[in-house]
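First up is the structure itself, then whatever we jot down about it.
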Amino acid sequence: MMRKIVTLFIYLFSIVGLSQGLKIKGKVVDTKNNPIAFANIVVSIGTNISDYKGTISNETGDFEIDNLESKKYTLNISFLGYKTQTIEVQVDKNISLNDVVLQEEEQELDGVLIVAKKPTVKRLVDRLVFNVENSTLSNNNMLDVLKHTPGVMVNNDGISVKHASPTIYINDRKVHLSTTEVIQLLESMPANNIKSIEVISAPPAKYEAEGGAVLNFITSKNLVSGYNGSVFGNFKQGFEFPKYSVGTSHFFKGEKIDAYVNYNISPRRDFRHTDEFINFIDNDATTSSWETDYNRTRKSSNQNINSNIDYTINENNILSFSANLMFLPKSGTETDINSLTEVYGATGVLDSTFNTMNTAVDKTTNAAFTLDYVHKLNQDGEQLSFSVHHTNFNFDSDQVVNTEYLFPDKSLIRNNAFESLSSQDIRLYTGR
């Protein structure tokens with residue numbers, strides 16, 4: 001009897017072990033069978049990209065994704081300058097794929113063959129450096145460049161590195177913005193001001209990463225003494241509304257001073273439509289069903305100022321000042337929400353409806369200032385650094401909510417309305 005129990009336990013354990021913790025591994029190569037390092041590999045369930053696992057190929061082109069369940073997955077393998085390869089895999093055991101061959105992406109315009117140039121990807125001990133200066137990506141905005149950065153995933157919910165939100169730095173200076181504000185900032189800034197993006201998976205002590213990864217954007221600098229300025233703009237047509245941004249960038253390099261300032265404004269409207277279905281179940285029977293048609297339109301007009309000034313006291317001492325300012329004036333911001341919910345009884349007959357209309361007007365000011373001093377101790381790179389930082393954040397919101405509850409014949413049951421006024425002030429002072 002004991003032998004049968006042990007045998008049954010081993011059998012059940014083997015089934016669980018086979019259905020959990022499965023893995024997919026493979027290798028990414030080009031048409032000449034050369035390995036492609038730092039290619040993005042994303043594993044999702046069907047087309048649901050919000051639920052994904054991801055990794056990058058190593059220097060030999062090999063990759064491995066583990067802790068998968070027994071399901072059907074979609075693999076998307078991509079690298080800048082190559083066509084994205086999509087593979088569907090049924091995972092019921094550990095899978096070893098054949099070599100994934102990526103084809104170079106070519107475009108033909110009026111008989112002229114244009115081949116995208118691959119920017120340099122450099123692997124260091126604690127980070128991956130993605131050089132975008134003078135590449136084909138420099139014609140886009142910073143968010144578009146980030147979507148092509150190895151090891152970085154960008155979707156509607158935000159930015160992630162190894163399934164966690166990274167801390168954003170610009171020129172080794174932390175950006176104190178929310179995830180939504182960071183995306184808006186990157187979307188409005190031109191990529192031609194960016195020299196490289198550092199994906200730091202194991203941040204050293206000088207970064208405040210709270211145990212996670214760091215994305216550090218290194219901006220370009222004037223290599224030749226003098227002044228250089230530009231005016232830029234971009235336009236994108238969304239499904240419902242267009243969005244665009246305009247701005248200007250200025251660089252100056254002198255004998256002692258190296259300065260950079262960028263200003264941009266990005267008026268836009270964002271539309272979101274969601275259909276939601278909820279079933280309330282009791283004793284395996286549906287007692288009520290709610291169907292919601294949710295529509296949100298948000299108008300905003302972000303203004304961003306980013307600046308940095310380096311003053312070289314002498315060859316061993318440098319003083320730097322940087323500022324990151326974001327303004328969202330009340331006159332340019334409004335959110336309108338219209339949500340209609342139909343409530344059905346257990347028999348599927350319409351019981352009632354309620355319609356909620358929500359109008360909110362916001363105002364945001366986020367001003368961050370950093371002063372740094374660096375003293376070089378020797379020629380081997382050893383140095384002492386001192387830094388002080390101040391952030392002043394202010395948020396005001398006026399909201400009016402009106403809800404009508406109706407019978408199936410649209411006659412009024414009751415009405416509920418309220419108005420809320422909220423304000424938030426945050427002041428941060430740090431020193432290191």
Side-chain angles (χ1 to χ4, degrees), residues 142-143 154-160 164-170 173-189 207-212 214-215 217 243 245 247 262-272 274 294-307 321-339 356-371 387-403 416-432:
M142 289 172 59
L143 187 64
V154 180
N155 55 33
N156 294 330
D157 298 326
I159 303 168
S160 64
S165 297
T167 305
I168 305 298
Y169 278 73
I170 297 179
R173 295 169 176 86
K174 186 177 180 180
V175 177
H176 295 267
L177 297 174
S178 67
T179 301
T180 302
E181 292 168 343
V182 166
I183 290 178
Q184 292 176 349
L185 171 66
L186 297 179
E187 196 170 29
S188 61
M189 292 184 66
Y207 294 103
E208 301 174 34
E210 301 175 353
V214 164
L215 285 179
F217 294 85
K243 49 187 175 182
S245 64
N262 168 268
Y263 168 79
N264 63 76
I265 180 171
S266 52
R268 59 186 292 168
R269 284 190 179 186
D270 296 295
F271 175 76
R272 175 177 292 182
T274 304
Y294 175 92
N295 295 277
R296 187 193 74 174
T297 302
R298 176 174 172 80
K299 181 178 71 173
S300 62
S301 184
N302 278 29
Q303 300 183 50
N304 297 282
I305 300 175
N306 298 278
S307 64
F321 174 78
S322 64
N324 294 289
L325 312 174
M326 191 200 76
F327 305 100
L328 189 59
K330 183 175 291 187
S331 59
T333 307
E334 183 175 313
T335 302
D336 292 312
I337 297 175
N338 192 332
S339 177
T356 300
M357 291 167 287
N358 184 337
T359 300
V361 179
D362 302 334
K363 182 186 75 172
T364 304
T365 302
N366 195 325
F369 307 94
T370 304
L371 182 66
S387 178
V388 292
H389 175 85
H390 170 60
T391 292
N392 191 338
F393 177 85
N394 175 263
F395 174 78
D396 293 321
S397 177
D398 301 340
Q399 180 179 225
V400 177
V401 181
N402 188 0
T403 303
N416 182 39
F418 68 89
E419 180 177 359
S420 66
L421 305 174
S422 62
S423 180
Q424 186 179 35
D425 287 289
I426 299 175
R427 289 175 175 83
L428 302 176
Y429 299 90
T430 64
R432 185 175 68 248

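- One finds the CZ atom of Phe327 at 11.5 Å from the CD1 atom of Ile265 (value rounded to the nearest 0.5 Å).
- We find the OH-CG distance between Tyr169 and Leu215 to be 11.5 Å, quoted to the nearest 0.5 Å.
- If you take CD on Gln303 and CG on Leu328, they are separated by 9.0 Å, rounding to the nearest 0.5 Å.
- Of the possible donor and acceptor atoms, one in the side chain of His389 sits under 3.5 Å from a partner among the backbone N and O of Phe369.
- Two residues are said to be in side-chain contact when any heavy atoms from C-beta on lie closer than 4.5 Å; Phe395 and Asn366 fail this criterion.
- One finds a salt bridge joining Asp396 and Lys363 here, because a Lys/Arg side-chain nitrogen approaches an Asp/Glu carboxylate oxygen to under 4.0 Å.
- The distance from atom CG of Asn402 to atom OG1 of Thr359, rounded to the nearest 0.5 Å, is 9.5 Å.
- To the nearest 0.5 Å, atoms CG (Asn304) and CG (Asn264) are separated by 5.0 Å.
- Ion pairing of Arg272 with Asp270 is absent here, as no side-chain N (NZ or NE/NH1/NH2) approaches a carboxylate O to less than 4.0 Å.
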- [ ] Might you work through the side chain to side chain contact (heavy atoms under 4.5 Å, CB included) test for Asp362 and Arg298, ending with a clear yes or no?
- [x] CA-CA 11 Å; Asp362 302 334; Arg298 176 174 172 80; 3.6 Å; yes
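- By the 4.0 Å N-to-carboxylate-O rule, Asp336 lies too far from Arg269 to be salt-bridged with it.
- Expressed to the nearest 0.5 Å, how far CZ of Phe393 lies from OG1 of Thr391 amounts to 10.5 Å.
- The shortest non-hydrogen separation linking Ala367 to Leu325 is CB-CD2, 3.4 Å.
- The side chain to side chain donor-acceptor pair (under 3.5 Å) search around Ser301 returns none, not counting sequence neighbours.
- Checked options Ile337, Thr356, Asn338; the residue passing with Tyr294 is Ile337 (criterion: side chain to side chain contact (heavy atoms under 4.5 Å, CB included)).
- Side-chain N/O atoms of Ser300 and Thr333 include no donor and acceptor closer than 3.5 Å.
- Smallest separation of non-hydrogen atoms from Asp425 and Ser423: OD2-OG, 4.0 Å.
- For Asn416, the side chain to side chain contact (heavy atoms under 4.5 Å, CB included) test picks out Tyr405, with sequence neighbours left out.
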